[in-house]
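Chain letters run A, B, ... following the sequence lines, proteins first and then strands; every chain starts at 1. Values in this document were obtained by computation on a predicted structure and should not be read as measured data.
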Amino acid sequence: MRAATLSAARAPAAGRVGRKHGWQGGLVHFVLVLVSALVIFPMYWMFIASTQTNSRLYRAPAALLPGAQLFANLHQLFNTVPAGLAFANSLLISGTVAIGGTFFCALAGFSFARFTFKGKNVLFMLLLATLTLPGVVSLVPWYEMMAYFGWINQYQALIVPNLASAIGIFYMRQYIASAIPHELLDAARVDGSSYFGFFGRIVLPLIRPAVGTVGIILFLSSWGDLLQPLIILNSQNHYTLPLMLGLLVSQYGTGLSLLMVGATITTVPVLVVFVVMSKQFIRGLTSGAIK
Amino acid sequence: MGQLATQPVGPRAAGEATRATRARRPSRRRAPGLLAPYGFIAPFYLLFLAFGAFPPLYGLYISLFRWNGLNKPQFVGLQNYANVFTDPVFWHALTNALLVAVFVAVPGLALALVLAFLLDWYAPRFRNVYLTCLFAPQVVATPAAAVVFQNIFSKSYGVLDQAIMALGLPGPDWLGSPVPMRVALALLLLWRWLGYNTVVYFGGLQAIQGELYEAAMVDGARPPQVLRLVTLPQMRRVILFTTVLSTVGLLQLFTEPYLLVGAQGGQGAAMLTPLMYVYDTAFQTFNFGYASAISYVLATVAVLGVGINLFVARRREAI
């Protein structure tokens, strides 16, 4: 690359093609490793703490290596709060939101991306307008509506309203617009296929990265949500994992190790899935972020 | 569910055939089946209208009343809003939010930009590993993170204090006094969002064409100049995106402070966020009308914040 000749003359860093940068490369690695380690540490600590006994955790120096108490702590956790139930509840709610929400966003995003219809711009502007309003303003009305529907303490309250994600539809629209060329749709029209068939057979497979990204985003925001379940759920059997953690926190005398193991079961499943799919996920994010 | 068949038969086929014939008309983007587009957006839009568009309007309506959810609402006009402006707790919460926004967003975004730049320009090996590590906090459920950090921040026994004391310095009471509390929250938020912002910036940097850099190099630009004249302008939209996101997002902080120090915001209410105050007003004090009014004032502040961000971005463009 031309940059090589120039770099010899002036700027120390050669182009972005990953050439050797000498001592600078080493420094970059050092910084990145340092920051990454700092970021990873709390998660590591969480796992370590869930394998220790309570009394060990309250002694200095801090335990930095795994102990042997993981199963004992898990056992105690399940005896103290309905943890398994909470896990199942969270999975049910977040899974439904993720799958249903992604599907609806894909459908609607497809329509906004590839169709022209009356009222399209108005509808889109409306969507945009609500995005500028923080969710705060919907809190009290949301509660009132749930009460009106009789959905207090019901899962529907946590699922149905969260299916229409504005961010999801924006992302889908943008992705579909760039991934599905006009010609493809025209070809399908000429072929005589129905739009829904086209959508199911051709569009969906092509937008798999977007489906993954939006699905994960919806899943995560539902999985970690504390506020809505806190307001709506009032019987412990319906609690989601965040609420269960809140319960542990507020109960006097909850041992630290119990808290940590609760945090672990809230985190580990999702973290594992994330690490496995990280490459696709990050790629999906970086390509969709440019608006 | 529909067929791509070439020779369809049956009553359905008649519809298909008609549609196919109609489809051969010239205009490419016109949807011949008038209902199809609406069918596609219907599930989403119905839900959106019910739960996305209607509630804010209903909330505005509620804010004009005094209501505890049970008794008959009393119309009080703009009285609630007047009360908000004279409410010291509200201003305190708002100040907290703004402090957090400034002290978390600015260093956080700057650091993210630096990291993204390092990852883009030097393209080190294991780049994806770094990105994955940095992004991982996003995947940790907020309550779990709050619980873990509550322990990390705990006085004397928390890992952080132990590390500090090992250096010979006194370990602050992170969750017990106002100033350290704010720093603790800032650290937690930084931990959580650094990866996200880095990934977003990284995407933006990657999208900058190599030719621009080459042209700059040919013109004799030194790296700082390249950064200022090529990279930053190209990144403007992305930076704007992250600042807007941070502004609006930080104003809606709830889970972390709630779990770290409790619903009252801890000592001196230093961690009381506006959303916590709305929650408290609505669901502990059962003052729905007032809570709605607070939320709308908050929303106005958020919109103003976004507006300021956009304005600053536009002025930069003019330079």
Please classify the contact of B/I62 with chain A as side chain, backbone, both or neither, using a heavy-atom distance under 4.5 Å. side chain
Could you look at B/V278 and say if it's the side chain, the backbone, both or neither that has a heavy atom under 4.5 Å from chain A? side chain
Partner chain A: residue of B/P55, B/G39, B/G59 with the largest heavy-atom pair count (under 4.5 Å): B/P55
Examine distances only and state if a side-chain atom of B/Q252 and a backbone atom of A/G135 form a donor-acceptor pair shorter than 3.5 Å. yes
Most contacts with chain A, counted as non-hydrogen pairs under 4.5 angstrom, among B/L57, B/I41, B/V140, B/L275: B/I41
With a 6.0 Å cut-off (strictly less than), is the heavy-atom count around CD1 of A/I167, excluding the residue itself, greater than 12? no
Among A/L38, A/I265, A/V33, which residue forms the greatest number of heavy-atom pairs with chain B at distances under 4.5 Å? A/V33
With respect to chain A, which residue among B/L111, B/L194, B/V306, B/I152 yields the maximal number of heavy-atom pairs within a distance under 4.5 Å? B/I152
Supply the atom-to-atom distance A/L227 CG to B/F254 CZ, rounded to the nearest 0.5 angstrom. 4.5 Å
Pairwise distance CG(A/L127) to CZ(B/F44) - rounded to 0.5 angstrom: 5.0 Å
For the residue pair B/Y45 and B/Y38, is the inter-centroid distance of their aromatic rings smaller than 6.0 Å? no
Among B/W191, B/Y201, B/Y296, who wins on heavy-atom pairs under 4.5 Å with chain A? B/W191
So which of A/V273, A/L126, A/L163 has the largest heavy-atom pair count under 4.5 angstrom toward chain B? A/L126
In terms of heavy-atom proximity below 4.5 Å to chain A, should B/F283 be classed as side chain, backbone, both, or neither? side chain
Counting only heavy atoms closer than 4.5 Å, note whether B/I294 contacts chain A via side chain, backbone, both or neither. neither
Name the member of B/V139, B/V244, B/V129 that forms the most heavy-atom pairs with chain A at distances under 4.5 Å. B/V139
How are the rings of B/Y258 and B/Y279 set to each other: parallel, tilted or perpendicular (split at 30° and 60°)? perpendicular
Look only at the side chain of B/E256 and the backbone of B/A146, and say whether a donor-acceptor pair between them is shorter than 3.5 Å. no
CG of B/L251 to CG of B/L298: how many Å apart, nearest 0.5 Å? 5.5 Å
Going by atom types alone, do B/S292 and B/S63 pair a side-chain donor with an acceptor below 3.5 Å? no
Counting only heavy atoms closer than 4.5 Å, note whether B/L259 contacts chain A via side chain, backbone, both or neither. both
If I measure from the heavy atoms of chain A, does B/Q138 come under 4.5 Å with its side chain, its backbone, both, or neither? backbone
Does any heavy atom of chain A fall under 4.5 Å from the side chain of B/L190, the backbone, both, or neither of them? neither
If you count heavy-atom pairs under 4.5 Å with chain B, which of A/S111, A/G100, A/S138, A/P42 comes out on top? A/P42
Do B/P137 and A/V39 have side chains that approach each other closer than 4.5 Å (heavy atoms only, starting at C-beta)? yes
Quick one: CD1 on A/I232 to CG on A/L243, what's the gap to the nearest 0.5 Å? 11.5 Å
Which atoms of B/A282 are under 4.5 Å from chain A, going by heavy atoms: the side chain, the backbone, both sets, or neither? side chain
Drop me the distance from B/L134's CG to B/N197's CG, to the nearest 0.5 angstrom. 11.0 Å
Using non-hydrogen atoms only, which part of A/S165 is less than 4.5 Å away from chain B: side chain, backbone, both, or neither? backbone
For chain B, which of A/T267, A/I231, A/V268 has the most heavy-atom pairs under 4.5 Å? A/I231
Non-hydrogen atoms of chain A under 4.5 Å away: do they reach the side chain of B/V303, the backbone, both or neither? side chain
B/Y61 versus chain A, heavy atoms under 4.5 Å apart: side chain, backbone, both or neither? neither
Heavy-atom distances under 4.5 Å only: say whether A/M146 touches chain B with side chain, backbone, both or neither. side chain
Per-residue tally against chain B (heavy atom, under 4.5 Å) across A/T266, A/L271, A/L123, A/V31 peaks at A/L123
Tell me whether A/S90 contacts the main-chain N or O of A/L241 through its side chain, where contact means a donor paired with an acceptor under 3.5 Å. yes
Okay, B/F48 and chain A: the region with an atom under 4.5 Å from a heavy atom over there is both
For A/L133, which atoms come within 4.5 Å of any heavy atom of chain B: side chain, backbone, both, or neither? side chain
Under 4.5 Å, counting heavy-atom pairs only, tell me which of A/W45, A/W223, A/F219, A/F41 racks up the most with chain B. A/W45
Closest non-hydrogen atoms of A/P134 and B/A299, given as atom of the first, atom of the second and distance, are CD-CB, 3.6 Å
In terms of heavy-atom pairs under 4.5 Å, which option from B/A136, B/G158, B/A302 contacts chain A the most? B/A136
Pairwise distance CD(A/Q228) to CD1(A/I159) - rounded to 0.5 angstrom: 11.5 Å
